[in-house]
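See structure below.
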Amino acid sequence: MAAPAVRTLSRYLLRQHVAPLGFALAALTALMLVNTMAKQLSALLGKGLPTGVIVEVFVLSIPFIVAVTLPMAVLVAVLHVFTRLAADNEITAMQASGVSVTRLVAPVLGGAACVALLSFAWNDQVLPRSNHQLRILQVDIQRKKPSFTLKEQVINEVVAGQFFLRAARIDATANKLKDVTIYNLADPERRRVITADSGLMAYTPGGRDLYLTLQDGDIREVNRSDPTQFNRTFFITNRMRVAGVGNSLERTTNDAYKSDREMTICEMRQAAADARREAGNAALEGRRVIENDLRRLAGLAPRTVSPGMFATDTSPPGLYCRLLRRLAAWLPPPQASAAQTPLAQQPSSPRPQPPRPRPRPLQQPHPGQPPPRFTPLPPPPPTAGPIVQSTRPPVYITAGVGVGEEQRRVAARQREVMYEVEIQKKYAIAAACLIFALVGAPAALRFQRGGVGLVIGMSVAVFTVYYIGLIGGEELGDRLILSPFFAMWTPNVIFGVAGLVGLWRIRKPGNAPHGGDWSDVLEVALRVIGWPGSLLWPRSRRAS
C-alpha cells in the first residue's frame, strides 16, 4: 500500500502547483507586456498603422516575454505552495506520517524538470521564429514614415537620389522642423537648395505624399547647362509637395538574414562551425604569407599553393540536431520529399569528363651524352647612359604581413563565441526552471510564516541577481573573457549549490521546519554577511 500512497501524494503536490504556476505565468507575462506596450504604443500610433499591425507587434513580443517569465513563475509557484501547505500544517502532518522532506520535494523537482524541457523546446523552436518575424515587421514599420526616421544634423534621404533634407531640430511628435535645408535634385538640369527657419510636415490621406510648409527662407537655383545663371528667391511661406515618400506599410515577404537571436540551436551550431573553419583558414593563410616573406628573405621562391584548408562540413553537429533532422525527414511523404528535392541535389548520371592532357615525356639523351643542364638566363645588356645606383634596399618583408589574416581570424572567433554564448544561454534559461524550484522549496519550508512577503521579496531578489548575472556573463562571454559555458552557467551553478545546501540543512532533524518568519529571514541574511543578529533583537524577544 505504500506505492499507491506515494503516487497519490505526488499527484496531490503537483496539482497544487498547477494553478499558481499558470496564474504567476499569466500575471508576470501581462505585466511585462504592459511595460512593452507603454514604451512602444505611442510611436506605433503616431505612424498611423492599422490596428492589426499593432496587435501583431505585441503578439510577436509574447514568446520572448514567456521565455523570461516561465522560470520566474516556477519560483513563485513553489514558494507559494510550500508556504501555504506549511501554514495549513499539512507539511507537519505529512512528516508525522513518516514522509521526509526529500520525498516532498522530489515530485516538485520532477515537475520542474518537465517544465524545463518545455522551456527548452519553446526557446529553441518558437522564440527564434517569432524574433525573426518581429524584426522584419519592425524594419518595415521604420521605413513607413520618414518623420520618425529623420535624424537631426544629418542629411536624410527622403526620396532616393532626388530629395534630401537636413534639420537642426526635429520634433517627431508634432512633425516640426527647425533650421531646415533641402537639396532638391529631381530636375537633372537644375539644382535647388532651399533653406528655411522652420517648417511643418503633413501627409496625404493615402500616405504616399509629403507636404512641407516652410517659413522664412529662400530658394537658390543653379542651371547646370549654364552655370552663370543663378536665381535666389526669398519667401515668407512656401508650401511644397514631395511625391512618393513611401508612407504606406510595405511588408517584406522574404528575408533570409538571421541574427543569433533568430536562429535555432542547430542553425547556430552550423554557423559556429563555419566561423571556426574560417578562423582556421585565416590562421593558415597568415602563416603562409609570413612563410613566403621568410622564403623571399632566404632567396627562395614563394609558395603559390595555400596550405591544406579546413573542408566544409554540412552534417548537423550534435546528437540533438541529428535527431531533429531525422525527425524532419520522417514527417513529409517520400513522394513530396523527392519532388521537393532541388535539381542540384538529385543524383544524376556522371557526365563525361574531357580527356586530360597527358604530360609529354622528357627527351632522353643519347647514350654517351651528358644529361642536359639548366643554365640561368644571361643578364640584360647594359643600357646607354650613366648608371644610377638605387638607394632603396630591396623589399624582402611585406609591411603589415599577416595583419589582415589575423583580423579575419579574430572576427571569426568572435562570431563563433557569440553563437556559442547564445546556445548556452538557451540551455541555461531552460535549466533555471529546475534550479529555481530547488532554491524555492527549502526556503519556503525553512521560513513558513513568510507569507506573500516572502514570495514577492525572495522572487524579486532571485530574479534580479540571476538576470544581472546572466546579462553580465553574456557580455563577458562575447568579449572572450570567459568561456561561453561558464559565462552562462555560473548563475545556475551558484543558485543550484545554494538550493542543495538549503535542502541538506532542512532535511536534518535539528533543522526541521519550525515556522520561521521575516525576522528569521533577516537574521539568516545578516549572519551570512557576518553581522550579529542579537544586536537587532533581544534574546528574550527572539526566544518568545
Side-chain angles (χ1 to χ4, degrees), residues 2-29 63 65-88 90-95 97-127 426-448 450 452 454-456 458-459 462-463 466 489 491-493 495-504 506-507 513:
V6 169
R7 289 196 296 267
T8 301
L9 179 61
S10 300
R11 288 196 298 266
Y12 173 73
L13 289 174
L14 292 177
R15 282 199 305 268
Q16 294 297 315
H17 283 80
V18 172
L21 177 63
F23 176 78
L25 180 62
L28 292 173
T29 303
I65 298 175
V66 171
V68 176
T69 56
L70 187 56
M72 299 181 183
V74 171
L75 178 59
V76 172
V78 170
L79 289 172
H80 172 74
V81 170
F82 276 104
T83 53
R84 183 176 59 81
L85 292 178
D88 295 341
E90 294 188 43
I91 300 295
T92 305
M94 294 177 187
Q95 290 181 335
S97 302
V99 180
S100 63
V101 175
T102 306
R103 180 64 191 82
L104 292 174
V105 178
V108 177
L109 295 181
C114 296
V115 176
L117 293 177
L118 179 62
S119 175
F120 173 75
W122 180 274
N123 296 342
D124 184 42
Q125 299 299 323
V126 179
L127 182 59
K426 289 182 181 294
Y427 287 124
I429 292 179
C433 298
L434 180 60
I435 297 298
F436 285 174
L438 185 61
V439 171
L445 292 175
R446 175 65 177 83
F447 309 103
Q448 301 176 5
V452 179
L454 175 67
V455 176
I456 297 177
M458 185 172 180
S459 300
V462 172
F463 300 157
Y466 181 83
W489 283 89
N492 283 353
V493 172
F495 282 105
V497 170
L500 291 175
V501 171
L503 187 61
W504 177 261
I506 204 66
R507 69 182 290 274

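Model, not experiment: these values are computed from the prediction.
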Quick check on Y12: does its OH atom have over 12 non-hydrogen neighbours (other residues, nucleotides or ligands) under 6.0 Å away? yes
So how far is it from R446 CZ to L503 CG, rounded to the nearest 0.5 Å? 14.0 Å
When you look at V74 and L434, which way does the side-chain contact (heavy atoms from CB on, under 4.5 Å) test go after all the steps? CA-CA 8 Å; V74 171; L434 180 60; over 6 Å; no
Looking at CZ of R11 and OG1 of T8, how far apart are the two atoms once the value is rounded to the nearest 0.5 Å? 4.5 Å
Tell me every residue that passes side-chain hydrogen bond (donor to acceptor under 3.5 Å, both in side chains) with T29, counting only those two or more places apart in sequence or in another chain. T69
Heavy-atom pair of closest approach, residues I429 and A67: CG2-O, 3.6 Å
Going by the angle between their ring planes, with limits at 30° and 60°, are F436 and F463 parallel, tilted or perpendicular? tilted
On a heavy-atom basis, which atom in A77 and which in H17 lie closest, and how many Å separate them? O-CD2, 3.9 Å
Is there a donor-acceptor pair under 3.5 Å between the side chain of K426 and the backbone N or O of D124? no
Of all heavy-atom pairs between S119 and A430, which one has the smallest distance, and what is that distance? OG-CA, 3.7 Å
Got W122 and V66 here, is their nearest side-chain heavy-atom distance under 4.5 Å? yes
Within the 4.5 Å heavy-atom criterion, are L85 and L13 side-chain neighbours or not? yes
Which atom of P442 lies closest to which atom of G502, heavy atoms considered: CB-C, 3.6 Å
Looking at L79, L454, V78, which hits side-chain contact (heavy atoms from CB on, under 4.5 Å) with S459? L79
Just verifying a value: how many Å separate N123 CG and L118 CG, rounded to the nearest 0.5 Å? 9.5 Å
Closer than 3.5 angstrom, by distance alone: can the side chain of W489 be matched with the main-chain N or O of A428 as a donor-acceptor pair? no
For a quick test of reading the model, state the closest non-hydrogen atom pair linking L28 to A73 and the distance between them. CD1-N, 3.9 Å
About how many Å separate CE of M72 and CD1 of I65, when rounded to the nearest 0.5 Å? 10.5 Å
Using the test side-chain contact (heavy atoms from CB on, under 4.5 Å), find all partners of P491 that sit at least two apart in sequence or belong to another chain. Y466
Tell me every residue that passes side-chain contact (heavy atoms from CB on, under 4.5 Å) with L500, counting only those two or more places apart in sequence or in another chain. L438
Taking all non-hydrogen atoms of both residues, which atom of T83 and which atom of A444 are closest, and how far apart? CG2-CB, 3.7 Å
